[in-house]
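Naming: A, B, ... by sequence-line order, numbering from 1 per chain.
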There are 2 protein chains.
Amino acid sequence: MSGSEGHTDGTVGKALDVLESVAEFGRPVRFSELLTNSRWPKATLYRLIQTLSSQGMLAHDKDRNTYSLGVRLIRLAHGAWKQASLAPIAQPFVDDLSEKLGETVHLAQLDNGQVLYVDKRNARAPISMFSDAGKVGPGYCTGVGKAMLAFLPEPELTEALAKQAYYRHTEATLTTPEALRAELCNIRETGISYDREEHEEKIICIAAPILSLDDRPLGAISVTTSLLRHSLDDLSAFETDLKQTAAKIATEAQPWAFPMQNNQNYPSTRSQ
Amino acid sequence: MSGSEGHTDGTVGKALDVLESVAEFGRPVRFSELLTNSRWPKATLYRLIQTLSSQGMLAHDKDRNTYSLGVRLIRLAHGAWKQASLAPIAQPFVDDLSEKLGETVHLAQLDNGQVLYVDKRNARAPISMFSDAGKVGPGYCTGVGKAMLAFLPEPELTEALAKQAYYRHTEATLTTPEALRAELCNIRETGISYDREEHEEKIICIAAPILSLDDRPLGAISVTTSLLRHSLDDLSAFETDLKQTAAKIATEAQPWAFPMQNNQNYPSTRSQ
DNA sequence: AACTAAGTTTCAATATATGAAACAAAACTG
DNA sequence: CAGTTTTGTTTCATATATTGAAACTTAGTT
């Protein structure tokens with residue numbers, strides 16, 4: 001129910017929107033379920049679904065008459081992850097950092113005002129693949145989100161700020177664009193962003209942006225921990241390592257000349 | 001250059017085809033490069049690319065005028081991975097198996113006649129996310145591929161066999177549909193499939209299909225090793241564990257009633 | 001068997017995509 | 001730095017694909 005409903009980009013836009021609805025359900029879904037939530041009439045939706053199924057973007061379960069996201073997406077995403085995400089480049093540096101600090105490390109990028117996690121290392125335990133990469137989170141109340149927003153140049157920043165949900169997750173959540181803007185200003189000066197239980201009780205994090213030569217945010221990297229184990233002051237001890245890692249990734253990323261994930265204005269899914 | 005060129009599924013099909021071409025390049029690509037490999041005239045391709053970019057499926061680098069796959073795909077794929085892949089369900093079992101055997105374990109599904117890896121555990125070393133999941137491999141010369149093909153019911157099998165590249169990777173590669181059919185017949189009887197250096201010299205593997213109640217292949221799981229460390233005979237010692245793991249995953253997957261990845265007939269990318 | 005809901009097909013009206021060709025803007029070239 | 005080539009963008013009449021109300025079929029209920 002958020003976002004600018006705007007542009008449909010013809011049939012393709014509609015088809016992608018359908019894909020997004022199926023994704024939102026998070027489970028195999030029936031035609032009629034999609035229909036109730038759909039902006040398009042029965043026949044239109046029906047044909048879109050047929051097309052997507054025949055294309056392998058949706059998988060149709062004949063027995064139950066349900067649709068899920070198709071595995072073709074996984075194949076395509078692998079390509080996206082390799083060519084348009086910082087993850088493959090950042091991998092060794094993220095490894096080093098997580099090993100040195102022994103805490104959970106996140107690597108994220110901006111996607112349409114939201115945070116998209118592209119890599120992660122858990123405190124211990126090797127983690128398994130897609131379960132974490134590909135996840136989305138809010139921009140306005142996460143360490144990585146604020147770190148990237150803080151360095152977004154003006155036209156885009158306003159757009160991104162307008163897309164935030166400003167839902168009060170905790171006492172500490174910043175719930176107005178004004179409060180957020182002030183915080184971002186501060187972050188831009190220090191080059192470091194904190195999440196002070198703004199997204200989840202007892203969970204804190206320190207994050208640094210990964211910046212291009214012209215100071216545009218390519219991504220962000222963060223160290224997350226729990227108040228049960230560390231205080232905010234403890235986190236600040238990670239600042240130097242974090243900034244160094246971010247700098248290394250930025251250097252490495254520069255030659256590859258990263259595609260700015262700009263100008264995207266597809267109807268966003270829920271964003272809290 | 002392969003596959004059935006056939007169905008375009010209107011604009012949506014064309015757009016997805018463009019996406020696929022960008023994926024095939026594996027690097028940021030210019031409009032003109034896409035144009036040379038494109039079946040559509042300039043203006044058409046141009047508008048498709050514009051639409052895809054505005055939708056976040058492609059990322060446009062203004063400076064270099066190149067296009068890459070967009071991060072939106074990663075978000076969508078996360079959904080696909082969670083709802084349409086065996087990976088989340090199989091995770092604990094794959095963990096157990098890889099820990100017990102100390103060898104590389106692959107979890108795969110069929111996608112349009114090809115093998116799509118949806119999870120992986122390395123012999124040691126925690127591996128990072130998308131770097132492995134999302135990869136594709138050939139069906140006709142991998143352990144998991146043959147394990148799944150062997151249990152494909154007739155109409156689909158013929159279709160799948162027709163999509164194989166039959167490229168001779170090694171001496172041992174089966175390079176004709178006939179030879180493959182014979183091998184599949186054998187696999188169906190034993191319930192176990194071997195890769196005897198058919199894809200890569202010195203690399204061998206043992207695989208078992210993960211079957212639904214009506215014996216359709218939901219996926220396959222394999223243990224891979226090198227001839228430098230193990231013989232084919234050694235591998236057969238893993239048979240019991242492998243089959244048990246496959247059975248456990250199948251049981252767990254049943255209630256979720258898996259979307260059969262059927263009837264897909266989108267123009268396949270290169271398939272060797 | 002009668003009823004209801006879910007899924008599929010039809011078809012004329014309409015919106016959309018098409019693509020040849022003209023145009024504009026970069027990128028070379030001498 | 002004018003001239004030339006290549007690459008990228010726009011135009012517009014035409015062809016085509018999409019639309020959606022309604023009819024229809026099939027599956028599920030009572």
**OP:** Test for a donor-acceptor pair under 3.5 Å between the base of D/dG8 and the side chain of B/Lys42, counting only N and O atoms.
**Re:** yes

Subject >> DNA chain D: 5'-proximal contact among B/Arg47 and B/Glu33 (nearest heavy atom) >> reply: B/Glu33

Presence of [X] side-chain N/O under 4.0 Å of [N] phosphate oxygens OP1/OP2:
X: B/Ser32; N: D/dG8; result: yes
X: A/Tyr46; N: C/dG7; result: no
X: B/Arg30; N: D/dT7; result: no
X: B/Thr44; N: C/dG19; result: yes
X: A/Lys14; N: D/dT18; result: no

Take the protein atom [atom1] of [X] and the nucleotide atom [atom2] of [N], then report the distance between them rounded to whole Å.
X: B/Phe31; N: D/dT10; atom1: CZ; atom2: C1'; answer: 12 Å
X: A/Gln50; N: D/dT19; atom1: CD; atom2: C1'; answer: 15 Å
X: B/Arg64; N: D/dT7; atom1: CZ; atom2: P; answer: 17 Å
X: B/Ile49; N: D/dG8; atom1: CD1; atom2: C1'; answer: 11 Å
X: A/Arg39; N: D/dG20; atom1: CZ; atom2: P; answer: 13 Å
X: A/Leu34; N: C/dA6; atom1: CG; atom2: P; answer: 13 Å
X: A/Asp63; N: C/dG7; atom1: CG; atom2: P; answer: 14 Å
X: B/Leu45; N: C/dT18; atom1: CG; atom2: P; answer: 11 Å

Subject >> B/Gln109 side-chain N/O to B/Leu86 backbone N/O, donor-acceptor pair under 3.5 Å >> reply: yes

Original post:
In terms of the nearest nucleotide of DNA chain C, which residue is placed more toward the 5' end: A/Val12 or A/Ala43?
Top reply: A/Ala43

Subject >> 5'-most by nearest nucleotide on DNA chain C - A/Tyr67 or B/Trp40 >> reply: A/Tyr67

**OP:** Would you confirm whether the ring centroid of B/Tyr67 sits within less than 6.0 angstrom of the ring centroid of B/Phe31?
**Re:** no

Subject >> Electrostatic pair A/Asp111-B/Arg72, nearest N-O below 4.0 angstrom >> reply: no

Original post:
So which heavy atom on B/Gly139 is nearest to which on B/Val115, and how close?
Top reply: CA-CG2, 3.9 Å

**OP:** Please report the shortest heavy-atom distance between A/Ala160 and A/Leu152, naming the atom on each side.
**Re:** CB-CD2, 3.8 Å

